[in-house]
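To start, the structure itself, in C-alpha coordinates.
We number each residue from 1, following the sequence as shown. None of the values given here were measured: they were computed from a predicted structure.
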Amino acid sequence: MDAPASPPAPPALLPVTHLLYLHGFRSSPRSFKAQRLAAHLAARHPQVHWACPQLPASPAAAWARIETAVAGWPEATAAVVGSSLGGFYATRLAAQRGLRAVLINPAVDPARDLARHIGEHPAWHDPAERIFFRPEYVDELRQLATGALPHPERVLLIAATGDEVLDWREMVARYPGSRHHIVPGSDHALSDFDAHLPVLLAHLGLACGDLAKCRQAG
(Lines give C-alpha, C1' and ligand atoms only; values in the text may rest on other atoms or scores of the structure.)
Protein backbone atom coordinates (compact mmCIF):
# COMPACT_ATOMS: atom_id res chain seq x y z
CA MET A 1 0.00 0.00 0.00
CA ASP A 2 1.56 3.23 -1.12
CA ALA A 3 1.86 6.30 1.10
CA PRO A 4 3.15 9.80 0.42
CA ALA A 5 6.92 9.96 0.57
CA SER A 6 8.34 11.33 3.79
CA PRO A 7 10.67 14.30 3.72
CA PRO A 8 14.35 13.64 4.39
CA ALA A 9 15.47 13.36 7.97
CA PRO A 10 16.18 16.74 9.61
CA PRO A 11 19.71 17.67 10.68
CA ALA A 12 20.89 15.80 13.74
CA LEU A 13 19.75 17.34 17.01
CA LEU A 14 21.08 16.94 20.51
CA PRO A 15 20.07 13.68 22.20
CA VAL A 16 16.92 13.93 24.28
CA THR A 17 17.45 14.44 28.01
CA HIS A 18 13.78 14.62 29.06
CA LEU A 19 11.02 12.41 27.65
CA LEU A 20 7.28 12.54 28.28
CA TYR A 21 4.97 9.66 27.32
CA LEU A 22 1.25 10.35 26.90
CA HIS A 23 -1.09 7.37 26.85
CA GLY A 24 -4.40 7.09 25.04
CA PHE A 25 -8.07 7.09 25.98
CA ARG A 26 -8.88 4.55 28.73
CA SER A 27 -5.18 3.65 28.93
CA SER A 28 -2.63 4.36 31.65
CA PRO A 29 1.10 4.42 32.42
CA ARG A 30 0.80 0.61 32.39
CA SER A 31 0.52 0.76 28.61
CA PHE A 32 2.67 -1.89 26.94
CA LYS A 33 4.45 0.73 24.82
CA ALA A 34 5.10 2.98 27.80
CA GLN A 35 6.48 0.07 29.81
CA ARG A 36 8.74 -1.09 26.99
CA LEU A 37 10.10 2.37 26.34
CA ALA A 38 10.65 3.05 30.04
CA ALA A 39 12.51 -0.26 30.42
CA HIS A 40 14.74 0.51 27.45
CA LEU A 41 15.63 3.95 28.76
CA ALA A 42 16.39 2.58 32.23
CA ALA A 43 18.69 -0.06 30.73
CA ARG A 44 20.42 1.94 27.99
CA HIS A 45 19.85 5.65 28.69
CA PRO A 46 19.42 6.07 32.46
CA GLN A 47 20.41 9.72 32.17
CA VAL A 48 17.10 10.52 30.42
CA HIS A 49 14.46 11.98 32.72
CA TRP A 50 11.25 9.99 32.14
CA ALA A 51 7.68 11.06 32.90
CA CYS A 52 4.46 9.20 32.16
CA PRO A 53 1.56 10.70 34.13
CA GLN A 54 -1.88 9.21 34.49
CA LEU A 55 -4.10 11.49 32.43
CA PRO A 56 -7.60 12.34 33.67
CA ALA A 57 -10.62 11.75 31.45
CA SER A 58 -11.21 15.51 31.29
CA PRO A 59 -9.09 16.90 28.43
CA ALA A 60 -8.73 20.24 30.21
CA ALA A 61 -7.50 18.51 33.37
CA ALA A 62 -5.24 16.24 31.29
CA TRP A 63 -3.69 19.25 29.59
CA ALA A 64 -3.07 20.96 32.93
CA ARG A 65 -1.29 17.83 34.17
CA ILE A 66 0.82 17.70 31.00
CA GLU A 67 1.90 21.32 31.40
CA THR A 68 2.87 20.62 35.01
CA ALA A 69 4.86 17.55 33.98
CA VAL A 70 7.07 19.49 31.55
CA ALA A 71 7.38 22.72 33.50
CA GLY A 72 11.02 23.78 33.50
CA TRP A 73 12.11 21.20 30.93
CA PRO A 74 14.78 22.32 28.41
CA GLU A 75 13.03 22.72 25.07
CA ALA A 76 16.15 21.94 23.03
CA THR A 77 16.51 18.46 24.50
CA ALA A 78 12.98 17.56 25.61
CA ALA A 79 10.58 15.39 23.62
CA VAL A 80 7.15 13.81 23.83
CA VAL A 81 5.81 10.46 22.65
CA GLY A 82 2.03 10.21 22.36
CA SER A 83 -0.22 7.30 21.43
CA SER A 84 -3.79 7.68 20.14
CA LEU A 85 -5.43 10.46 22.21
CA GLY A 86 -2.00 11.02 23.73
CA GLY A 87 -0.81 11.79 20.20
CA PHE A 88 -3.38 14.59 20.00
CA TYR A 89 -2.05 16.09 23.23
CA ALA A 90 1.54 15.56 22.07
CA THR A 91 0.77 17.47 18.87
CA ARG A 92 -0.41 20.48 20.87
CA LEU A 93 2.67 20.31 23.10
CA ALA A 94 5.00 20.09 20.11
CA ALA A 95 3.28 23.07 18.49
CA GLN A 96 3.40 25.24 21.59
CA ARG A 97 6.89 24.42 22.81
CA GLY A 98 8.70 23.29 19.67
CA LEU A 99 9.51 19.90 21.17
CA ARG A 100 10.44 16.85 19.17
CA ALA A 101 7.52 14.44 19.06
CA VAL A 102 6.76 10.86 18.11
CA LEU A 103 3.08 10.26 17.37
CA ILE A 104 1.90 6.65 17.40
CA ASN A 105 -1.45 6.17 15.63
CA PRO A 106 -2.49 9.63 16.85
CA ALA A 107 -6.09 10.78 17.15
CA VAL A 108 -6.53 13.51 14.54
CA ASP A 109 -10.04 14.69 15.51
CA PRO A 110 -10.86 13.21 18.94
CA ALA A 111 -13.76 15.63 19.51
CA ARG A 112 -15.50 14.04 16.53
CA ASP A 113 -14.52 10.48 17.39
CA LEU A 114 -15.14 10.51 21.15
CA ALA A 115 -18.51 12.24 20.84
CA ARG A 116 -19.78 8.73 20.12
CA HIS A 117 -18.35 7.41 23.38
CA ILE A 118 -19.94 9.62 26.01
CA GLY A 119 -20.64 7.57 29.11
CA GLU A 120 -18.94 5.11 31.42
CA HIS A 121 -16.13 2.81 30.25
CA PRO A 122 -13.81 0.28 31.91
CA ALA A 123 -10.14 1.20 32.08
CA TRP A 124 -7.98 -0.99 29.83
CA HIS A 125 -5.53 -2.07 32.51
CA ASP A 126 -8.03 -2.43 35.36
CA PRO A 127 -11.58 -3.28 34.23
CA ALA A 128 -12.78 -2.69 37.80
CA GLU A 129 -11.80 0.97 37.40
CA ARG A 130 -14.36 3.07 35.55
CA ILE A 131 -13.84 6.13 33.37
CA PHE A 132 -16.71 8.50 32.66
CA PHE A 133 -16.43 10.58 29.51
CA ARG A 134 -18.75 13.55 29.97
CA PRO A 135 -20.47 15.53 27.19
CA GLU A 136 -18.56 18.70 28.10
CA TYR A 137 -15.28 16.91 27.42
CA VAL A 138 -16.02 17.10 23.70
CA ASP A 139 -15.92 20.90 23.89
CA GLU A 140 -12.70 20.70 25.90
CA LEU A 141 -11.15 18.68 23.09
CA ARG A 142 -12.26 21.23 20.52
CA GLN A 143 -10.60 23.98 22.55
CA LEU A 144 -7.33 22.04 22.57
CA ALA A 145 -7.26 21.50 18.79
CA THR A 146 -4.08 22.69 17.10
CA GLY A 147 -3.52 23.95 13.59
CA ALA A 148 -0.48 23.47 11.37
CA LEU A 149 2.74 22.68 13.21
CA PRO A 150 5.36 25.43 13.13
CA HIS A 151 8.15 22.80 13.05
CA PRO A 152 6.73 19.71 11.32
CA GLU A 153 10.24 18.39 10.70
CA ARG A 154 10.55 17.73 14.45
CA VAL A 155 7.68 15.26 14.36
CA LEU A 156 7.81 11.56 13.53
CA LEU A 157 4.50 9.91 12.69
CA ILE A 158 4.23 6.14 13.19
CA ALA A 159 1.00 5.01 11.55
CA ALA A 160 -0.24 1.43 11.15
CA THR A 161 -2.31 0.65 8.07
CA GLY A 162 -4.07 -2.07 10.08
CA ASP A 163 -5.31 0.37 12.75
CA GLU A 164 -8.83 -0.85 13.52
CA VAL A 165 -9.81 2.34 15.39
CA LEU A 166 -8.39 5.28 13.44
CA ASP A 167 -7.64 5.88 9.74
CA TRP A 168 -3.91 5.97 9.02
CA ARG A 169 -4.50 7.99 5.83
CA GLU A 170 -6.07 10.75 7.88
CA MET A 171 -2.98 10.74 10.09
CA VAL A 172 -0.68 11.09 7.08
CA ALA A 173 -2.73 14.01 5.73
CA ARG A 174 -2.67 15.72 9.14
CA TYR A 175 1.14 15.87 9.34
CA PRO A 176 2.56 17.17 6.06
CA GLY A 177 6.25 17.96 6.26
CA SER A 178 6.80 15.46 9.07
CA ARG A 179 8.59 12.14 8.78
CA HIS A 180 6.18 9.25 8.18
CA HIS A 181 6.98 5.72 9.28
CA ILE A 182 4.12 3.71 7.78
CA VAL A 183 3.66 0.24 9.26
CA PRO A 184 1.95 -2.28 6.95
CA GLY A 185 -0.73 -4.07 8.94
CA SER A 186 -0.27 -4.13 12.72
CA ASP A 187 -3.07 -2.56 14.81
CA HIS A 188 -4.11 0.48 16.83
CA ALA A 189 -2.06 -0.62 19.83
CA LEU A 190 0.98 -1.14 17.58
CA SER A 191 1.45 -4.58 19.09
CA ASP A 192 4.72 -4.99 17.18
CA PHE A 193 6.10 -1.91 18.91
CA ASP A 194 9.51 -3.50 19.49
CA ALA A 195 10.10 -3.70 15.75
CA HIS A 196 9.75 0.08 15.45
CA LEU A 197 11.67 1.07 18.56
CA PRO A 198 14.91 1.80 16.62
CA VAL A 199 13.08 4.34 14.40
CA LEU A 200 11.60 6.05 17.45
CA LEU A 201 14.91 6.16 19.30
CA ALA A 202 16.77 7.53 16.29
CA HIS A 203 14.31 10.44 16.11
CA LEU A 204 15.12 11.19 19.73
CA GLY A 205 18.87 11.02 19.17
CA LEU A 206 19.03 7.84 21.26
CA ALA A 207 19.70 5.27 18.57
CA CYS A 208 20.67 1.95 20.12
CA GLY A 209 21.94 0.12 17.08
CA ASP A 210 20.23 -2.95 15.70
CA LEU A 211 16.84 -4.37 16.61
CA ALA A 212 18.27 -7.26 18.61
CA LYS A 213 20.06 -4.85 20.96
CA CYS A 214 16.89 -2.82 21.41
CA ARG A 215 14.95 -5.94 22.34
CA GLN A 216 17.63 -7.10 24.77
CA ALA A 217 17.42 -3.74 26.55
CA GLY A 218 13.79 -4.41 27.51
Side-chain angles (χ1 to χ4, degrees), residues 19-38 51-63 65-66 69 79-95 99-119 121-127 129-134 137-138 140-146 149 155-175 178-183 185-197 199-200 203:
L19 184 59
L20 176 69
Y21 186 96
L22 301 176
H23 63 74
F25 181 60
R26 295 172 55 198
S27 190
S28 76
R30 286 175 283 174
S31 154
F32 166 75
K33 296 184 293 294
Q35 293 289 309
R36 290 294 294 165
L37 185 52
C52 182
Q54 176 68 58
L55 299 179
S58 161
W63 183 250
R65 187 162 297 179
I66 290 166
V80 57
V81 175
S83 175
S84 194
L85 181 58
F88 171 78
Y89 294 137
T91 299
R92 181 177 175 85
L93 191 63
L99 305 186
R100 268 173 283 179
V102 179
L103 311 176
I104 303 171
N105 290 331
V108 171
D109 189 351
R112 175 198 65 196
D113 298 335
L114 290 178
R116 302 190 297 267
H117 296 280
I118 291 170
H121 305 275
W124 279 116
H125 301 106
D126 184 359
E129 182 181 341
R130 313 302 290 182
I131 296 170
F132 195 86
F133 191 79
R134 301 180 181 277
Y137 293 169
V138 175
E140 291 180 9
L141 285 169
R142 290 194 183 104
Q143 292 170 13
L144 292 173
T146 303
L149 295 174
V155 171
L156 169 66
L157 168 68
I158 301 179
T161 66
D163 191 323
E164 72 282 8
V165 177
L166 301 172
D167 188 340
W168 71 275
R169 291 160 294 195
E170 192 174 31
M171 301 173 202
V172 169
R174 171 66 179 89
Y175 298 98
S178 296
R179 295 190 62 205
H180 298 157
H181 178 70
I182 306 302
V183 180
S186 192
D187 52 24
H188 183 64
L190 199 69
S191 298
D192 55 345
F193 177 67
D194 282 358
H196 312 290
L197 190 54
V199 176
L200 182 153
H203 187 71

Atom of [X], atom of [Y] and distance for their closest heavy-atom approach:
{"X": "A62", "Y": "P56", "answer": "CA-CD, 3.6 Å"}
{"X": "A101", "Y": "H203", "answer": "O-NE2, 3.3 Å"}
{"X": "A57", "Y": "I131", "answer": "CB-CG2, 3.7 Å"}
{"X": "L149", "Y": "A95", "answer": "CD2-CB, 3.7 Å"}
{"X": "A159", "Y": "M171", "answer": "CB-SD, 3.8 Å"}
{"X": "P106", "Y": "Y175", "answer": "CG-CE1, 3.9 Å"}

What is the distance from atom [atom1] of [X] to atom [atom2] of [Y], rounded to the nearest 0.5 Å?
{"X": "F193", "Y": "L37", "atom1": "CZ", "atom2": "CG", "result": "5.0 Å"}
{"X": "L157", "Y": "H181", "atom1": "CG", "atom2": "NE2", "result": "10.0 Å"}
{"X": "K33", "Y": "S83", "atom1": "NZ", "atom2": "OG", "result": "3.5 Å"}
{"X": "I104", "Y": "L190", "atom1": "CD1", "atom2": "CG", "result": "6.0 Å"}
{"X": "L156", "Y": "L200", "atom1": "CG", "atom2": "CG", "result": "6.5 Å"}
{"X": "R36", "Y": "Y21", "atom1": "CZ", "atom2": "OH", "result": "12.5 Å"}

Side chains of [X] and [Y]: closer than 4.5 Å at any heavy-atom pair?
{"X": "Y89", "Y": "L141", "answer": "yes"}
{"X": "R26", "Y": "P122", "answer": "yes"}
{"X": "L20", "Y": "L99", "answer": "no"}
{"X": "V108", "Y": "L166", "answer": "no"}

Does [X] use its side chain to pair, donor to acceptor, with the backbone of [Y] at less than 3.5 Å?
{"X": "R134", "Y": "S58", "result": "no"}
{"X": "R92", "Y": "L144", "result": "yes"}
{"X": "H23", "Y": "L55", "result": "yes"}
{"X": "H188", "Y": "S84", "result": "no"}
{"X": "D109", "Y": "R112", "result": "yes"}
{"X": "Q35", "Y": "P29", "result": "yes"}
{"X": "N105", "Y": "D187", "result": "yes"}

Hits for side chain to side chain contact (heavy atoms under 4.5 Å, CB included) against A90, two or more places apart or cross-chain, chain-then-number order -> L22, V80, L103
Ring-plane angle category for F25 and F133, please: parallel below 30°, perpendicular beyond 60°, tilted otherwise. perpendicular
